Undergrad: 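One structure, as structure tokens, below. Some questions next.
Just so you know, residue 1 is the first one in the sequence shown, and it goes up from there. The model shown is predicted, which means the values in this text are computed figures rather than measured ones.
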Amino acid sequence: MTTALLASQVMWAQQPLYLDGSQPIEIRVEDALQRMTLDEKIAVIHAQSKFSSPGVKRLGLPDFWTDDGPHGVRPDVLWDEWEQAGQTNDSCVAFPALTCLAATWNPTLSRLYGKSLGEEALYRGKDMILGPGVNIYRTPLGGRNFEYLGEDPYLSSTMVVPYIQGLQSNGVAACVKHFALNNDEEYRHQVNVIVSDRALHEIYLPAFYAAVTQGHVWGVMGAYNLYQNQHNCYNEKLVNQILKGDWKFDGVLVSDWGGAHDTEQAIRGGLDMEFGSWTNGLSLGASNAYDNYYLALPYKRLIQEGKYTTKELDEKVRRVLRLFFRTTMAPKKNHGFLCSESHYAAARKIADEGIVLLQNQRDVLPLNLQKAKTVLVVGENAIKMMTVGGGSSSLKAQREISPLQGLKQALAQAAPSIQVDYERGYVGDTTGNYNGVTTGQDLRDSRSQQQLIADAVSKARKADYVIVFGGLNKSDYQDCEGHDRKQYELPYQQDELVEALAKVNKNMVYVNISGNAVAMPWRDKVPAIVQGWFIGSEAGEALADVLTGKVNPSGKLPFTWPASLEDVGAHALKAYPGTWRADHKIIDEEYKEGIYVGYRWADAHHTQPLFAFGHGLSYTTFRLSNLRFSAPSLTGDDSLTVTVNVRNTGNRAGAETVQLYLHDDKCSVDRPVKELKGFTKVFLQPGESKDVSIVIGRQALSFYDEKQGAWKAEPGTFTALVGNASDNITLKKSFALK
């Protein structure tokens with residue numbers, strides 16, 4: 001220890017330690033920083049176990065505990081291993097996956113989601129939840145798409161902010177992830193993304209920007225992949241220039257688990273807290289593997305050798321201390337509660353509003369409870385637990401109501417004379433365990449696939465309704481961390497099953513359980529199709545709510561559902577999954593489609609998706625009319641209010657989402673046909689009408705100018721396009737930017 005540092009610590013030791021919150025955070029941060037030894041500073045910037053980092057016991061700063069999200073608080077694992085700790089008090093409420101949350105198009109529910117999750121985290125003693133995820137849905141093969149908020153940067157930005165605010169209102173840090181360009185899972189440690197600055201800023205960064213500047217998130221997790229040949233956990237452009245420079249982020253940049261690979265790059269590249277590097281516990285590495293992390297003893301030696309001063313270290317520690325004083329050392333800390341009635345109610349409400357009615361020919365739905373006598377439920381996904389599996393978001397739910405169970409309960413209450421029968425239809429994944437959490441289900445079935453189909457068809461001939469619960473599950477190469485899907489088609493010969501059932505029953509409903517779009521070659525043969533997502537503890541009850549009509553569906557797709565992969569830019573241009581370099585160590589993946597992701601690509605190339613971005617039907621009908629502006633033009637930094645009238649023209653109460661897209665009539669650069677720039681969800685009784693307003697400013701009209709390295713809005717005329725889906729624009733009106 002240098003003489004100057006020793007003298008500084010002696011001086012600060014004579015002053016009172018500000019632990020009670022009587023001083024502003026920045027004063028408390030500097031106070032604690034000046035009292036810390038070099039060893040204490042090194043200790044707080046890296047893990048001491050799978051999910052914790054040490055505090056400073058000498059100064060009264062407790063250990064810091066993280067845990068996976070974003071759909072619930074992950075069960076505790078052993079100190080040095082990924083296996084479960086075997087506790088009996090770490091069950092949780094499983095909330096709907098974030099694709100379902102995004103499908104609500106309801107920011108109020110996003111805040112409720114975050115607040116409820118934060119309360120569960122508090123009870124479990126967690127100081128940071130590793131979520132939410134805001135990476136863009138670029139291809140329907142993406143393994144972690146179910147954890148994210150869809151394809152559109154505006155929708156993702158709008159939904160992520162209240163989630164963060166709700167979570168952090170409990171004194172629990174959010175850690176928005178995965179920063180950035182983590183859009184596929186296969187070879188995620190080796191993918192080097194090549195993307196234009198314009199696509200980076202217009203498509204892939206806005207939700208992170210909103211999380212930092214509007215949500216004031218306390219943590220950001222660096223992604224595994226590379227950008228400009230640097231790993232994103234310590235990337236000069238992404239972390240130092242953009243995140244901490246341009247955006248003034250004052251929180252911590254956390255590595256994804258095992259995302260750090262080099263000490264000096266981590267020092268210079270802005271990594272603040274390192275977790276999960278190269279160790280599977282004490283069985284691999286030195287006697288204390290955590291001391292050998294890149295930001296541990298190797299960093300300390302470089303300082304002692306004089307290669308680095310403590311300048312970079314002190315900046316990292318300041319950020320960590322700031323995080324402590326926002327969480328573990330917050331002056332008024334709540335206690336939280338677990339598996340409460342309010343949390344289950346929140347999960348069900350979010351699920352109810354996120355379920356999407358994709359198709360409803362002949363008004364097959366809702367089920368006619370007065371006329372129906374028999375309902376046949378088919379499919380493994382009707383009985384399979386979905387809260388276990390999928391990677392780091394796997395949960396140990398206190399309860400999970402299956403679709404079959406929920407439908408039986410709902411019909412027993414509403415129409416007890418209806419008989420509900422079940423047939424397996426197909427056999428998929430029968431394992432039912434992840435990292436020591438087991439479902440307890442025995443899903444084995446000895447019948448051949450042909451026999452399973454034959455048995456289902458035999459019963460379907462006699463049923464009034466056939467409801468198939470199919471789709472994907474959270475197994476490897478489906479909706480699961482670590483791998484992408486291998487095909488767009490449904491697995492386990494489900495297409496053959498659906499085709500066979502459709503031939504013998506005209507009242508067929510297909511409920512797709514997934515976080516991704518899937519191919520549906522039989523779409524025209526099935527009258528009713530519902531997107532059921534992974535919706536957690538209340539899955540069965542929420543799906544039954546919609547199928548029986550107890551809840552009028554109001555969900556809207558947060559991504560484009562293509563007819564085939566060739567209708568997706570990344571696949572049409574052969575840009576995905578990239579090309580291995582000659583040394584076979586790095587994959588270069590160029591985002592050749594640029595800004596043309598999702599509906600932007602569909603519009604530009606005149607492709608007709610199976611279901612468009614923003615699409616979602618209701619059991620009632622709505623009419624949009626009287627589009628008008630608060631002024632004929634927008635000048636300078638003023639705002640413009642766009643107003644439209646919405647009327648419920650049907651005979652049921654329901655909700656409609658008014659979607660505002662903008663078109664730049666003339667521009668110096670190529671721009672999409674339209675871009676989402678506002679939306680409002682409105683609930684109306686039959687015959688009721690309301691005016692809804694959306695405010696836009698200059699930023700909504702801007703594009704990222706690569707020459708200037710800044711956002712730019714060019715004067716001229718713009719067209720406001722208003723509808724209830726990206727392919728159902730019913731109102732248009734022009735205005736000017738002066």
Undergrad: Give me each pair satisfying ring-ring contact (aromatic ring centres under 6.0 Å, His included) with a member in residues 525-555, each pair once, sequence neighbours excluded.
TA: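 Of all non-adjacent pairs touching residues 525-555, those that pass ring-ring contact (aromatic ring centres under 6.0 Å, His included) are Phe146-Phe534, Trp533-Phe559.
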Undergrad: Contact between Phe337 and Leu122 at the side-chain level, heavy atoms closer than 4.5 Å - yes or no?
TA: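 They are not in contact (no side-chain heavy atoms under 4.5 Å apart), so the answer is no.
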Undergrad: Less than 6.0 angstrom separating the ring centers of Trp82 and Tyr434, yes or no?
TA: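 Ring centroids of Trp82 and Tyr434 are no less than 6.0 Å from each other.
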Undergrad: Is it true that Lys349 and Glu538 make a salt bridge, defined as a side-chain N closer than 4.0 Å to a carboxylate O?
TA: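 Glu538 and Lys349: not salt-bridged.
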Undergrad: List the residues meeting side-chain contact (heavy atoms from CB on, under 4.5 Å) with Thr108, not counting sequence neighbours, and say none if there are none.
TA: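 Once residues adjacent in sequence are excluded, the partners of Thr108 under the side-chain contact (heavy atoms from CB on, under 4.5 Å) criterion are Asn106.
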Undergrad: Under 4.0 Å between a side-chain nitrogen and a carboxylate oxygen: does that hold for Asp67 and Arg124?
TA: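 Salt bridge: yes.
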Undergrad: Side chains of Asn473 and Tyr492 only: does a donor on one sit below 3.5 Å from an acceptor on the other?
TA: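 A donor-acceptor contact under 3.5 Å links the two side chains.
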Undergrad: Do Asp127 and Thr328 meet the criterion of a side-chain donor-acceptor pair at a distance under 3.5 Å?
TA: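 No, no side-chain donor-acceptor contact under 3.5 Å.
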Undergrad: Flag the pair Asp421 and Lys459 as a salt bridge only when some basic side-chain nitrogen lies within less than 4.0 angstrom of an acidic carboxylate oxygen.
TA: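 Judged by the 4.0 Å cut-off on N to carboxylate O distance, Asp421 and Lys459 do form a salt bridge.
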Undergrad: We want to know whether Asn433 and Thr431 form a side-chain donor-acceptor pair, criterion being a heavy-atom distance below 3.5 angstrom.
TA: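 Note: Asn433 and Thr431 side chains miss the donor-acceptor criterion.
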Undergrad: Quick test of your reading of the model: are Lys681 and Glu656 salt-bridged, counting only N-O distances below 4.0 Å?
TA: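 No.
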Undergrad: Please check if the side chain of Gln359 supplies one atom and the backbone of Arg523 the other of a donor-acceptor pair under 3.5 Å.
TA: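 Here the side-chain-to-backbone pair exists.
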Undergrad: Show every ring-ring contact (aromatic ring centres under 6.0 Å, His included) that has at least one partner inside residues 455-481, sequence neighbours left out.
TA: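 Only Tyr477-His483 qualify under ring-ring contact (aromatic ring centres under 6.0 Å, His included).
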Undergrad: List in chain and number order the residues that pass ring pair (Phe, Tyr, Trp, His ring centres under 6.0 Å) with Tyr113, two or more places apart in sequence or in another chain; answer none if no residue qualifies.
TA: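 Partners of Tyr113 by the ring pair (Phe, Tyr, Trp, His ring centres under 6.0 Å) criterion, ordered by chain and then number, come out as Phe95, Tyr163.
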Undergrad: Give a yes-or-no answer on whether the side chains of Asn516 and Tyr137 include a donor-acceptor pair shorter than 3.5 Å.
TA: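 On atom types as modelled, these side chains qualify, holding a pair under 3.5 Å.
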Undergrad: Measuring centre to centre across the rings, with the benzene-like ring taken for any Trp, is Phe179 within less than 6.0 Å of Phe208?
TA: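 Phe179 vs Phe208: aromatic centres under 6.0 Å.
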Undergrad: Taking Glu120 for its side chain and Leu338 for its backbone only, find out whether a donor-acceptor pair lies under 3.5 Å.
TA: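 Checked: no pair found.
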Undergrad: Under 6.0 Å between the ring centres of Tyr510 and Trp522?
TA: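 Yes, close enough.
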Undergrad: Not counting sequence neighbours, which residues clear side-chain contact (heavy atoms from CB on, under 4.5 Å) with Pro562? List them please.
TA: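 If we apply the side-chain contact (heavy atoms from CB on, under 4.5 Å) test to Pro562, skipping adjacent residues, the hits are Pro140, Tyr488, Ala517, Asp567, Val568.
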Undergrad: Taking 4.0 angstrom as the limit, do Asp90 and Lys396 come out as a salt bridge?
TA: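 Answer for the salt bridge query: yes.
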Undergrad: Begin from the C-alpha positions of Phe613 and Trp105 and carry the test ring-ring contact (aromatic ring centres under 6.0 Å, His included) through to its verdict.
TA: CA-CA 12 Å; Phe613 172 80; Trp105 290 59; 5.4 Å; yes
Undergrad: Is any side-chain N of the basic residue among Asp76 and Lys126 closer than 4.0 Å to the acidic one's carboxylate O?
TA: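 Yes.
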Undergrad: Out of Phe64, Phe275, Trp257, which one pairs with Phe51 under the ring-ring contact (aromatic ring centres under 6.0 Å, His included) rule?
TA: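 The ring-ring contact (aromatic ring centres under 6.0 Å, His included) with Phe51 is passed solely by Trp257 among Phe64, Phe275, Trp257.
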Undergrad: Minimum heavy-atom separation for Thr548 to Leu411, with atom names?
TA: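 Minimum heavy-atom contact is CG2-CD2, 4.1 Å.
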Undergrad: So which pairs with a foot in residues 140-152 pass salt bridge (Lys or Arg N to Asp or Glu O under 4.0 Å), sequence neighbours left out?
TA: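 Found Arg144-Glu147, Arg144-Glu481, Asp152-Arg600.
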Undergrad: Is the shortest heavy-atom distance from the side chain of Ile164 to the side chain of Val161 under 4.5 Å?
TA: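 When only atoms from C-beta onward are counted, Val161 and Ile164 do not touch, as no gap falls below 4.5 Å.
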Undergrad: Spell out, as yes or no, whether a donor-acceptor pair under 3.5 Å connects the side chain of Gln478 to the backbone of Lys486.
TA: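 No, Gln478 side chain to Lys486 backbone: no donor-acceptor pair under 3.5 Å.
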Undergrad: Determine whether the side chains of Ser342 and Ser340 contain a donor N or O and an acceptor N or O closer than 3.5 Å.
TA: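 The criterion, which ignores hydrogens and geometry beyond distance, is satisfied for Ser340 and Ser342.
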Undergrad: Looking at Glu81 and Lys50, does any basic side-chain N land under 4.0 Å from a carboxylate oxygen?
TA: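 So Glu81 does not pair with Lys50 through a salt bridge.
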